[in-house]
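Residue numbers start from 1 in every chain, and the chains themselves are labelled A, B, ... in the order their sequence lines are given, proteins ahead of strands.
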Protein chains: 2
Amino acid sequence: MNRSIDKELDGPRACFIAAGLDVLGERWALLALREMSLGVHRFDQIARNTGASRDILTGRLRTLESRGVIERVQYSEHPPRYEYHLTTSGAEVAPILISLAAWSSAWMRDETPRASYQHSCGADLQPVVSCAVCGEEFAQGSLMLGPLVSAAGAEPASED
Amino acid sequence: MNRSIDKELDGPRACFIAAGLDVLGERWALLALREMSLGVHRFDQIARNTGASRDILTGRLRTLESRGVIERVQYSEHPPRYEYHLTTSGAEVAPILISLAAWSSAWMRDETPRASYQHSCGADLQPVVSCAVCGEEFAQGSLMLGPLVSAAGAEPASED
DNA sequence: ACAAGTAGGTTGGAAAATCCAACTTACTCC
DNA sequence: GGAGTAAGTTGGATTTTCCAACCTACTTGT
């Protein structure tokens, strides 16, 4: 089991973390998604609230749209004006934002006053991540490599 | 409540998500942490498995070290050789990697075969994020802005 | 003993991404 | 009729990143 760690990779590790970062890891992408999660949908506001340059933001929004994370919704025809909304896929980025906010809140406190986050129950953000299958909380070192998978489905084990 | 969303910000939103991305959002940082989570601790291997250029990786590892996320452990004196290990703070990045891997696995499937991840119970990665206080699962739109906080503690409400 | 390999970098120069301020278009509001 | 708003686009400067080669000090093989 977990032979994959010891085996020499012939190139960079192709995994779902790397694939996710391909889309969400570009600068400003997660902050733009944060804004939409908070109900901010218009270009100028997203640009202001994130601090992204307008040209770069345009590019990011196009990428996120092409990857199905957000969609452009036209709200004016003349002139053409659009709002940006999360798709289902985009809404499901929330756990990433939640984990990031919680980690940052726990470890990145400095003098700067910052907006914190809460669960809708009113409590400070204290997310617990557990396994949907066995119900156990993810503990130290409980993230492990699994088999290779692609759109076609799981691959059979390799012969090493 | 949640006046903060409607209020015009005078600058970019200073929040813990943005602060976290300051450290973890630079290119290659999360992939380097992924490697350490998987038990890979040496420079050459981290460079190979992430695909990062060696010079950039050097910079990232220094930043992560200076922010207390990883530590350099010397394992040879002549010549000086180091391993990189997660600190407690670094180990707690795991929920972010888990959420990212799960999102990516759900939404980023294409033809490319990729390494998947599992919980240590052997099940495919299906994390559930719930609130430690009320126990409820984080549902759509349940991430909300809270008060401003800094190292000194919570700020009193502003006068708007 | 001597060459090759390993480990953890550093260096210089090219390429790509980002930043910034200004400009554009087509409205709406006063 | 002028100012303001919204969603970009543009050109040029700046910053990051990439890449391959180099360096030092061992260790291993012959």
Side-chain angles (χ1 to χ4, degrees), chain A residues 6-13 18 21-33 35-36 39-67 70-86, chain B residues 6-13 18 21-33 35-36 39-67 70-86:
Chain A
D6 307 318
K7 184 169 60 182
E8 283 269 317
L9 300 168
D10 46 340
R13 194 189 295 281
L21 286 172
D22 247 33
V23 182
L24 305 180
E26 291 182 302
R27 209 167 182 187
W28 308 115
L30 280 176
L31 291 183
L33 296 175
E35 288 305 309
M36 294 174 221
V40 175
H41 300 289
R42 301 208 171 166
F43 186 88
D44 276 25
Q45 273 293 307
I46 296 171
R48 249 193 296 280
N49 294 357
T50 57
S53 313
R54 307 170 66 81
D55 51 351
I56 303 302
L57 182 61
T58 301
R60 282 299 169 278
L61 294 172
R62 294 295 176 278
T63 306
L64 290 171
E65 189 192 7
S66 76
R67 301 305 221 98
I70 62 175
E71 52 193 356
R72 250 151 68 105
V73 180
Q74 189 161 26
Y75 71 90
S76 153
E77 277 203 77
H78 293 291
R81 289 287 178 267
Y82 303 92
E83 289 189 329
Y84 296 91
H85 286 263
L86 298 175
Chain B
D6 307 318
K7 183 170 61 182
E8 283 269 319
L9 299 167
D10 46 341
R13 194 189 296 280
L21 287 173
D22 247 32
V23 182
L24 305 180
E26 291 183 302
R27 210 168 180 187
W28 309 115
L30 280 175
L31 291 183
L33 295 175
E35 288 305 310
M36 294 175 222
V40 174
H41 300 289
R42 302 210 171 163
F43 185 89
D44 276 26
Q45 273 293 307
I46 296 171
R48 250 193 296 280
N49 294 356
T50 57
S53 314
R54 307 167 66 79
D55 51 351
I56 303 301
L57 183 60
T58 301
R60 283 299 168 277
L61 294 172
R62 295 292 176 278
T63 306
L64 290 172
E65 190 192 6
S66 77
R67 302 303 221 101
I70 62 174
E71 53 193 355
R72 249 150 70 105
V73 179
Q74 189 161 25
Y75 71 90
S76 152
E77 277 204 77
H78 295 290
R81 289 288 178 266
Y82 303 91
E83 289 189 328
Y84 295 91
H85 286 264
L86 298 175

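Residue Asp55(A) has its side chain nearest to dT10(D) when only dT17(D), dG9(C), dT10(D) are considered. With dC18(D), dA7(D), dG9(C) as the candidates, the nucleotide lying closest to the side chain of Asp44(A) is dA7(D).
Other residues, nucleotides and ligands place no more than 12 heavy atoms under 6.0 Å from the CD atom of Glu77(B).
Applying the 4.0 Å criterion to OP1 and OP2 of dT18(C), one finds that Arg60(A) has a side-chain N or O inside that range. In terms of phosphate contacts, Tyr75(B) brings a side-chain nitrogen or oxygen within less than 4.0 Å of OP1 or OP2 of dG8(C). Arg27(A) has no side-chain polar atom (N or O) that falls below the 4.0 Å cut-off from OP1 or OP2 of dT17(D). Note on Tyr84(A): every side-chain N or O is 4.0 Å or more away from OP1 and OP2 of dA7(D).
Between the P atom of dG9(C) and the CD atom of Gln74(B) lies a distance of 10 Å, rounded to the nearest Å. Taking atom NE2 on His41(B) and atom P on dG8(C), their separation rounds to 12 Å, with Å as the unit. We find that CZ of Arg72(B) is positioned 9 Å from C1' of dG8(C), with the value rounded to whole Å. Rounded to a whole Å, the CD1 atom of Ile46(A) is 11 Å from the C1' atom of dA7(D). Per the geometry, CD1 belonging to Ile56(A) stands 15 Å off P belonging to dT15(D), to the nearest Å. Atom-to-atom, CD of Glu83(B) to P of dG9(C) comes out at 12 Å; the value is rounded to the nearest Å. For the pair Phe43(A) CZ and dT24(C) C1', the computed distance is 14 Å after rounding to whole Å. If you take CD of Gln45(B) and P of dG8(C), they are 10 Å apart, rounded to a whole angstrom.
Checking Ile56(B), Leu64(B), Leu21(B), Thr63(B) one by one against Glu26(B), the side-chain contact (heavy atoms from CB on, under 4.5 Å) holds for a single residue, Thr63(B).
Across every non-hydrogen atom of Ile70(B) and Leu61(B), the tightest pair is CD1-O, 3.5 Å. Summarising the geometry of Phe43(A) relative to Arg54(A), their closest heavy-atom pair is CZ-O, 3.4 Å, with the distance given to 0.1 Å. Of all heavy-atom pairs between Ala32(A) and Leu57(A), the closest is CB-CD1, 4.3 Å.
In this structure, Arg67(B) CZ and Leu24(B) CG are separated by 9.5 Å, a value rounded to the nearest 0.5 Å.
Side-chain to base pairing of Arg54(B) with dG8(C): one donor and one acceptor N or O lie within less than 3.5 Å of each other.
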Readout for nucleotides 25-30 of chain C: B = base within 4.0 Å of protein heavy atom, S = sugar-phosphate only, - = neither; 5' to 3' it is -SS---
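The shortest distance between side-chain heavy atoms of Glu35(B) and Gln45(B) does not fall below 4.5 Å.
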